[in-house]
Amino acid sequence: METAQITPFAAIAEFDTPGALVQAAEKVRKAGYSKTDALTPFPVHGIDEALGIPRSHLGYIVLCIGMMGTAAALLLQWWTGAVDYPLVIGGKPLFAFEFSIPVTFELTVLFSSFAAVFGMLALNGLPRFYHPLDNARMTRRVSDDRFVLVIDKSDPKFHPVETIGFLRSLNPISTELVED
Amino acid sequence: MADLAIKPPLAELNPPLVEGNHSYSTVTHTVSGIVERKTPKQWFIAISISGAITLMMLGMIGYLFLNGVGVWGNNSPVGWAWDITNFVFWIGIGHAGTLISAILFLFRQKWRTSINRAAEAMTLFAVACALLFPLIHVGRPWRAYWMFPIPNTDLNMWQNFRSPLLWDVFAVSTYGTVSALFWYVGLLPDLATLRDRARTRIRQLVYGVLSLGWRGSARAWRHYEMAYLILAGLSTPLVLSVHTIVSFDFAVSIIPGWHTTIFPPYFVAGAIFSGFAMVVTLMVIFRYAFQLEDLVTIKHLENMNIVMLATGSIVGYAYATELFIAWYSGNMYEKFAFLNRTTGPYWWAYWTMVSCNVISPQFFWFKKLRRNIPFMFVISIFVNIGMWFERFVIIVTSLHRDFLPSSWGYFRPTFVDVCTFIGTLGFFTTLFLLFVRFLPMIAISEVKGVMPAPGASERGQH
Amino acid sequence: MDLVQISNQKKPTGAGKHYWRSVNELDGTAKLEGWLDQEFPAGPVNDSSRRQVLKLMGASFGLAGLVACRRPEEKIMPLSKGVEDLVPGKPLLYNSVFVHAGAAAGVRVTTHDGRPTKIEGNPDHPYSEGKATGLAQGALLNLYDPDRSKQVSEKGNESSWEKFGAFAKTHFDGVGNGDGLRFLSQRVVSPTLTSVREQALKKWPGAKWVEWEPVNNDNALAGAQLAFGNVVEAHYHLDQADVIVALDSDFLNLDSPTVLPARQFTRKRKVTEPGDAIARLYAVESQFSATGATADHRLRLRAGAIAAFTADLAALVGVGESKTLSGEKERKFLAALAKDLKANEGRSVVVAGPRQPAEVHALAHAINQTLGNCGKTVTFTQALAEPMLDGLKALAADLSGGKVSTLVMLGGNPAHDAPADLDLAGGIGKAQTSIHLAHNANETSALATWHLPEAHYLESWGDARALDGTVSIQQPMILPLYGGRSALEVVAQLAGLPSAKGHDLVRGFWQGQWPAADRERVWRKALHDGVVANTKFAEAKVTAKAPAAGAKAPGTGYDVAFHPSSSLWDGRYANNAWMQETPEPMSKLVWDNAAMVSPATLKALGATQGDVISITVGGKSIEAPVMVQPGHADQAISISLGYGRKNAGRVGDGVGVNAYPIRTTAGLHIAEAQVAKTAKTHKLVTTQEHFRMEDRPIIREATTAQYKEDPKFAEKMSEMPPIDSIYGYHSYEQGYQWGMAIDLNACTGCNACLVACQAENNVPTVGKAQVSRGREMHWIRLDRYYTGTGDEAQSVSQPMTCQQCETAPCESVCPVAATTHSPEGLNDMAYNRCIGTRYCANNCPYKVRRFNFLNWHKEDEEVQSLVHNPNVTVRMRGIMEKCTYCVQRIQEKKIQAKVEGRREIKDGEIVTACQQTCPADAIVFGNIKDPGSRVAKLRHQERNYELLAELNTKPRTTYLAKLRNPNPELA
Amino acid sequence: MSAIFPKSTDLYVRIGGAVAVLAILGGVGSFAYLSHPKVLETGYSPVQPVPYSHKLHAGNLGMDCRYCHSTVERAAFAAIPPAETCMNCHHKVKEKNPILQPVRDSFEKGVAMKWVKVHRLPDYVYFNHQAHVGAGVSCVSCHGRVDQMIEVKQVAPLSMAWCLECHRNPAANLRPAHLVTRLDWKPEGDPAEIGRRIIEEKHIKPPTNCSGCHR
């Protein structure tokens with residue numbers, strides 16, 4: 001039911017094995033599509049290369065925030081123990097690296113983990129409860145056993161009719177033009 | 001897909017991780033089915049029992065708060081007894097989950113996939129039980145928040161960062177938080193699966209909200225996998241640090257029997273040991289109850305038994321080392337402490353510990369026995385008991401006779417001690433039952449990841 | 001006036017709670033009585049539980065509490081009139097006198113806003129020298145005993161002093177010359193009461209006045225009678241003696257008086273240099289006493305055999321003809337002992353204990369005379385009184401003979417504690433009218449027609465003589481809480497004297513003794529000093545006759561010896577929780593008494609500890625749990641009196657076994673008994689469960705000879721591996737650096753320090769059940785260890801309290817910094833910061849930290865909280881507490897010095913409670929950085945050592961090793 | 001399939017999230033503010049049984065604090081005067097004034113006046129007036145200008161943190177001891193300098209360890 005009136009969001013094609021998806025994806029990239037994506041029930045190896053998706057930068061974010069955790073911990077222990085209210089305890093120094101290690105380590109890990117999780121959500125723009133692809137008939141099974149290839153309308157080469165046609169040529173189970 | 005070529009030879013070496021002829025959708029169906037099916041009667045029976053026990057625990061805690069720690073058997077010199085024993089016991093249990101999900105992940109142990117979800121859940125619930133005790137064991141629970149560095153305008157007082165107990169506060173709370181995050185991240189894709197399979201509006205909304213709109217886009221999977229890897233990388237040292245720090249509570253003190261340098265590795269080994277035992281206990285029950293034999297195969301159980309055998313032997317070695325060093329050190333207090341452990345008033349506790357922890361796992365040298373479900377179930381129970389006794393032995397027998405004989409004493413538990421501990425078992429079970437009822441107890445997407453790809457083209461992926 | 005004021009016992013608010021009266025107001029005018037009544041407590045309110053609720057609310061409310069932010073109103077109630085020398089919040093000290101075992105001991109009472117809160121010895125009193133026994137201090141708690149009788153009652157029905165007055169008037173006018181009238185009082189040592197007694201007896205010539213104390217020194221008096229022909233009091237000067245022989249005498253702990261002998265003896269045992277000579281003590285006794293534990297040589301002999309032993313000793317030193325009643329072991333001991341005594345003529349002394357029969361005392365006197373000790377190490381004066389048993393026998397006879405129409409019992413509990421064969425309980429019933437004055441409505445009150453509440457000695461005027469005759473005025477600090485009256489006042493009222501007010505009587509009597517000119521001055525001075533000048537008896541010159549017929553050999557049965565309880569004495573302190581929880585010095589038994597036997601005897605009985613045995617004397621028998629006492633004589637049982645009360649009160653009822661039923665006139669102290677094991681068992685609870693040192697260098701001991709050749713023996717006893725801190729150490733150089741030295745050579749384990757600490761620091765009691773769980777709260781405990789074999793055991797005692805470690809293990813582990821170190825080296829404990837993890841206690845190698853497992857004040861009545869020291873927080877449940885070197889006393893003196901503009905605090909200006917009261921001066925506290933201080937000097941003695949130094953805790957409390965001075969011939 | 005959530009959901013979710021965050025921050029902030037002793041404790045001014053005016057007596061009439069609070073230099077506790085003290089003057093002055101009836105009753109009947117406590121420390125805090133006054137800490141440092149208060153009002157938080165401020169550097173609150181009751185006293189010259197001098201001559205080392213105030 002492709003007619004010129006409707007505003008398309010993306011053209012999608014459905015496959016039943018990860019292998020098929022990856023093969024198709026390679027062709028799509030070679031065909032010069034860049035605003036592409038794939039919906040899969042589990043991380044499919046090789047899809048990133050196939051679609052030319054760059055590596056994640058999450059690691060750097062985590063590193064920075066982890067370091068902040070380290071600093072925060074050391075500051076906390078030094079300031080509370082040696083500056084704000086210095087009390088002689090067990091004849092030990094007011095602040096010492098030795099007894100600061102455990103708490104410092106823990107806070108580093110804590111900060112890093114928060115960074116990893118919330119960083120990941122942020123990079124993925126989650127939570128996102130509505131998505132045009134939800135309107136597609138086939139996307140329901142991507143969390144089960146289907147593998148869907150997506151070409152976004154923002155792609156310069158995108159054309160409702162031609163793109164669909166191109167996708168059909170990759171012998172998917174089916175194709176669909178998703179409305180916004 | 002790199003390893004497709006070498007799949008056949010691998011297959012001969014390793015039995016398949018999923019038995020029976022399963023496809024992606026059948027896996028999805030088997031696991032989600034548990035959550036979607038009408039609640040079985042047995043579940044209600046089980047949870048009403050465990051719920052009742054949980055209520056008893058709450059009652060005991062209420063009674064404790066009204067009257068004080070004196071309702072327990074703790075005394076002078078035995079200032080810590082069942083309270084901290086239970087704390088260490090539960091924390092130890094928790095460690096297996098993190099180990100399976102994080103360390104085995106880093107070691108690319110694919111067999112972890114079908115048990116890690118349940119194991120992580122177990123971790124969370126065990127930590128929940130453990131966290132209870134530091135909070136209720138204090139004399140003035142309403143002041144327990146003083147253990148956290150909350151800025152205070154009136155007192156101008158802070159915490160003492162020299163105290164291992166404070167390290168504990170940070171370690172355990174961090175551990176709890178990180179485990180929860182790790183677990184939830186793992187759940188996201190499966191929650192999405194449940195959302196998409198949901199028939200009723202409520203299920204759609206609930207799982208829709210919980211899954212935060214996860215759609216399995218490749219661009220999302222890329223960050224997701226990175227996050228998962230990082231969390232695994234963080235959890236691995238974390239889990240080791242947590243029990244190390246727990247062991248510091250004792251190792252950093254001066255009490256003979258506590259003041260021991262081998263505690264950190266010894267505690268970590270013990271934790272893994274007890275944790276795996278608990279996983280086996282639970283898995284044996286639930287794989288039977290929900291017919292998951294295909295996903296949680298005998299191979300999985302056997303692997304865990306091997307780990308138990310290994311860690312159990314390490315623990316046994318640690319016991320031996322303790323005794324040797326006590327004798328070799330020539331320190332009279334140290335010497336006495338261990339002589340007292342093995343032959344003193346608590347000899348029965350010590351030998352229960354040894355027979356449960358060191359002897360019982362040795363049966364797993366025999367393949368037949370470690371693949372025998374009823375047998376491993378019994379052993380896993382023994383190990384659980386033994387590991388509880390290990391903590392009891394370390395804490396109580398060291399405290400009840402230390403330096404000055406004039407202050408020696410003996411500890412006897414009260415009914416409140418006993419009921420509180422049993423209560424935590426109920427609490428733990430309740431949480432676990434709720435988990436298996438409403439959440440996928442096997443990581444669907446991960447299992448799919450390690451399945452041989454279905455036929456359409458020969459090209460599967462790893 | 002709201003309760004918080006009372007509950008926390010601080011912020012004294014003038015007339016906060018008016019139990020108070022200043023000395024000169026005590027003869028109070030009606031108006032004063034008036035305002036006293038109005039400010040009297042509305043009635044007991046369980047305050048601590050109320051506080052509990054508030055705490056919980058405070059916990060749960062959170063923000064709610066903040067919004068409703070204004071506090072509950074707290075009232076300040078000043079006096080309506082200023083009172084002379086009352087400065088709210090400043091303690092006032094009064095000298096008074098405490099009568100114990102028929103003799104006076106001067107006390108100094110601390111009062112806070114009119115509440116007596118602590119008893120100490122009066123430094124100017126010859127029998128106190130500033131020190132007080134545990135009992136003398138503990139008796140304070142009886143003042144605030146909520147079970148004290150508050151009502152005059154007639155035949156069990158409520159009555160009043162007015163009604164009694166009316167009755168007495170008519171009744172006592174009707175007794176004619178008083179043929180049927182009998183008075184039964186405790187030992188009277190009050191000159192005023194004596195004179196009032198004379199007036200009464202003049203009015204009623206037919207009347208008789210009988211005295212009775214179940215624990216008395218009849219034997220000593222009778223012994224003197226035997227030896228010298230008249231009743232004199234022997235005074236021993238142990239500080240003059242180099243060789244001391246104690247024949248069944250526990251002059252360091254149980255036999256009264258103990259403070260003076262303990263001081264004299266320990267003075268003779270102190271050393272400063274390795275070479276110093278110390279006195280040698282031989283003890284011959286049945287039960288293992290504190291004296292026996294201190295002795296250099298101890299011979300365990302069943303009580304009944306000591307007479308024979310004494311006879312032999314006498315013979316060996318040349319008194320009477322030689323007998324050999326004793327066995328092999330004894331003879332060896334005797335030979336050496338006799339030699340040692342002869343070698344020390346004039347510098348030795350033989351002391352016989354009150355439980356030994358008159359003959360033994362007579363022999364002892366004879367021996368002392370032959371050795372030329374009389375006039376040197378032992379002197380004599382007139383005695384305070386005659387033996388009392390015969391009088392009681394006569395009274396019993398009159399009662400059963402129906403000769404008595406009116407019996408007036410002044411204090412005491414005769415129906416309970418008189419010899420069983422006299423059946424006084426039955427007799428009292430036979431008297432038409434019986435009147436009983438007592439603190440508590442006890443077993444005797446139940447039998448009496450009239451019961452009158454007796455005033456506590458801190459509530460009433462009086463006076464008392466010490467053994468040497470010294471008189472002290474007993475002045476009250478507080479008006480009777482429950483409107484009680486003293487024996488003096490009651491007798492005066494009955495005799496119809498012009499005034500029956502204690503103050504008038506005492507003052508009147510003494511005014512009569514002094515020249516009119518400076519009466520007022522002398523009176524004020526007497527009150528101020530606590531002693532009346534020139535009232536000592538003159539020394540009596542006496543010579544001992546040759547001893548009476550020889551002692552008989554012991555019988556074949558078991559000897560059972562009755563001795564007073566070190567905690568409850570004859571039972572009068574049974575309702576005193578402090579004393580109930582004060583461990584028996586040797587066995588550490590609390591909340592019970594037991595039949596003490598030797599390990600061998602236990603085996604012979606086929607019993608194990610806690611088994612109940614029946615003890616039968618002359619047909620009457622009691623059942624008592626048996627307990628092993630290492631070093632006890634075989635075939636002998638010792639049991640303490642005072643337990644098994646029925647009408648003592650909530651604390652004392654049904655605690656322990658009543659031994660009085662088998663105590664007869666024939667065997668008042670030692671009786672022959674049949675013993676059999678029963679099937680029953682009884683749980684005995686001790687504060688210490690393990691008495692062996694396990695070869696650990698805890699209490700370090702040597703002989704004087706060894707000390708001389710190896711002065712550093714104490715340090716060498718623990719091999720100290722070179723351990724160090726990875727951090728280095730905090731330097732404690734600035735200002736005062738507090739420390740304590742405890743001389744184990746002086747400590748006798750008498751518990752005086754323990755009770756002093758309890759009173760000073762508001763240490764709670766927990767009861768038998770909790771002690772059995774190891775939850776006793778004493779901040780200072782006396783560890784007792786036994787060495788040698790079970791039978792021939794030796795024993796040592798060690799005061800154990802917070803050692804104030806410089807590198808305190810407890811501090812490092814507290815998560816909330818509730819225990820930290822002060823710049824002056826104190827291990828501070830901030831109760832209000834403590835959350836109660838108990839980690840500090842676990843990590844304390846000395847196990848001196850105490851935890852409030854429950855709210856120990858739950859059942860307290862308001863009046864009980866009046867005993868609290870306002871300068872120390874009353875700890876709630878869930879909190880750790882411990883010794884702080886009495887930091888409140890340190891702060892007080894520091895502030896005082898500041899206010900007086902002094903830079904330095906003098907050495908000895910600050911004394912901790914335990915140090916203050918220690919009769920042996922074994923505990924010394926002070927600034928260890930000041931080389932001139934006593935504590936510094938002691939720490940520099942060679943025998944000084946740090947306990948558990950190998951742990952590198954750097955304790956501020958150090959111990960001085962114990963020394964013994966054995967006779968080489970017995971070594 | 002059709003989407004579970006309408007298109008607008010995400011917008012609302014984000015707005016909601018922002019609001020929630022602000023709410024939490026606000027909540028914490030206001031709690032911190034309300035719970036601060038300066039807010040919670042100061043300003044307490046209960047109604048007294050007799051409307052005694054410190055402004056009149058200490059201010060206008062210029063009576064010295066120590067006339068009534070006589071023990072402040074001798075004891076830990078600054079005594080509240082007995083009715084007797086009031087009557088010293090009031091048996092002549094305003095001897096008929098009905099407002100003073102309670103005082104006269106107290107004096108004649110010996111019933112204590114029930115004054116309401118204004119400055120209150122917890123049971124476990126041992127404050128000593130003698131020590132502070134002796135060191136030269138003026139009444140005004142803790143009690144404020146009582147001589148200007150008709151009804152006494154708590155002006156200082158009396159919290160531990162507040163005590164510590166001064167114990168850590170007392171100089172600012174020190175003055176010659178004989179001037180402590182001169183609430184309006186202004187130092188000539190640098191107050192810090194005066195303080196330093198007094199610390200010097202009096203050896204003032206206020207404790208900051210626990211047992212300084214808690215026993």
Side-chain angles (χ1 to χ4, degrees), chain C residues 1 4 7-15 18 31-32 34-36 38-39 63 66-67 69-71 73-83 87-90 735 818-824 826 828-833 871-874 884 887-888 890-891 894-895 898-899 901 903, chain D residues 27 30-31 34-35 39-41 44 46 49 70-71 73-85 87 103 105-118 120-131 133-135 202-205 207-215:
Chain C
M1 159 83 193
V4 183
S7 69
N8 50 50
Q9 288 311 312
K10 59 188 290 280
K11 297 275 174 296
T13 53
H18 264 295
K31 187 146 151 257
L32 284 164
W35 71 263
L36 168 91
Q38 285 161 44
E39 287 172 11
L63 242 181
L66 286 169
V67 178
C69 66
R70 288 322 183 205
R71 356 170 159 132
E73 275 199 351
E74 198 174 280
K75 297 287 198 296
I76 306 182
M77 298 175 58
L79 287 156
S80 67
K81 306 220 181 6
V83 168
V87 177
K90 272 262 187 272
T819 181
T820 60
H821 230 72
S822 88
E824 300 175 349
L826 295 182
D828 285 354
M829 180 71 218
Y831 308 121
N832 42 306
R833 177 66 175 176
N871 297 323
V872 178
T873 311
V874 176
T884 61
V887 66
Q888 66 279 10
I890 298 175
Q891 298 292 10
K894 280 173 68 183
I895 289 169
K898 269 256 183 301
V899 171
R903 290 271 166 105
Chain D
S30 48
F31 181 91
L34 285 174
S35 67
V39 181
L40 187 58
E41 297 299 331
Y44 178 59
S70 53
T71 66
E73 290 166 314
R74 291 180 288 152
F77 180 74
I80 302 300
E84 197 178 28
T85 312
M87 295 307 285
V103 179
D105 291 349
S106 168
F107 183 70
E108 280 142 22
K109 304 207 184 73
V111 190
M113 292 288 301
K114 288 190 167 53
W115 301 105
V116 184
K117 200 167 185 177
V118 180
R120 177 168 147 205
L121 295 174
D123 316 345
Y124 46 75
V125 178
Y126 289 82
F127 178 83
N128 188 312
H129 278 88
Q130 184 184 18
V133 172
K202 286 199 173 151
H203 258 240
I204 290 170
K205 287 204 259 34
T208 53
N209 62 297
C210 309
S211 63
C213 312
H214 306 298
R215 299 161 204 168

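In what follows, chains are A, B, ... by sequence order, proteins preceding strands, each numbered from 1. Because only heavy atoms are used, hydrogens play no part in the values below, and waters and symmetry mates are left out as well, while side chains stay in.
- The distance from atom CZ of D:Arg215 to atom CD of C:Gln891, rounded to the nearest 0.5 Å, is 5.0 Å.
- Between atom CG of residue C:Asn832 and atom SG of residue D:Cys210 there is a gap of 8.5 Å, rounded to the nearest 0.5 Å.
- Using a 4.5 Å cut-off between heavy atoms, C:Ser822 touches chain D through backbone and side chain atoms alike.
- Residue D:Pro81 touches chain C through its backbone alone, counting heavy-atom pairs closer than 4.5 Å.
- One finds the CZ atom of D:Arg120 at 11.0 Å from the CD1 atom of C:Ile76 (value rounded to the nearest 0.5 Å).
- Contact annotation for C:Arg903: only side-chain heavy atoms (C-beta onward) come within less than 4.5 Å of a heavy atom of chain D.
- A donor-acceptor pair under 3.5 Å is formed between the side chain of D:Tyr126 and the backbone N or O of C:Thr873.
- Of the listed residues D:Gly134, D:Ala83, D:Ser211, the one with more heavy-atom pairs under 4.5 angstrom with chain C than any other is D:Ser211.
- Side-chain atoms of D:Lys202 do not come within 3.5 Å of backbone N or O of C:Lys898 as any donor-acceptor pair.
- Two residues are said to be in side-chain contact when any heavy atoms from C-beta on lie closer than 4.5 Å; C:Glu74 and D:Val116 fail this criterion.
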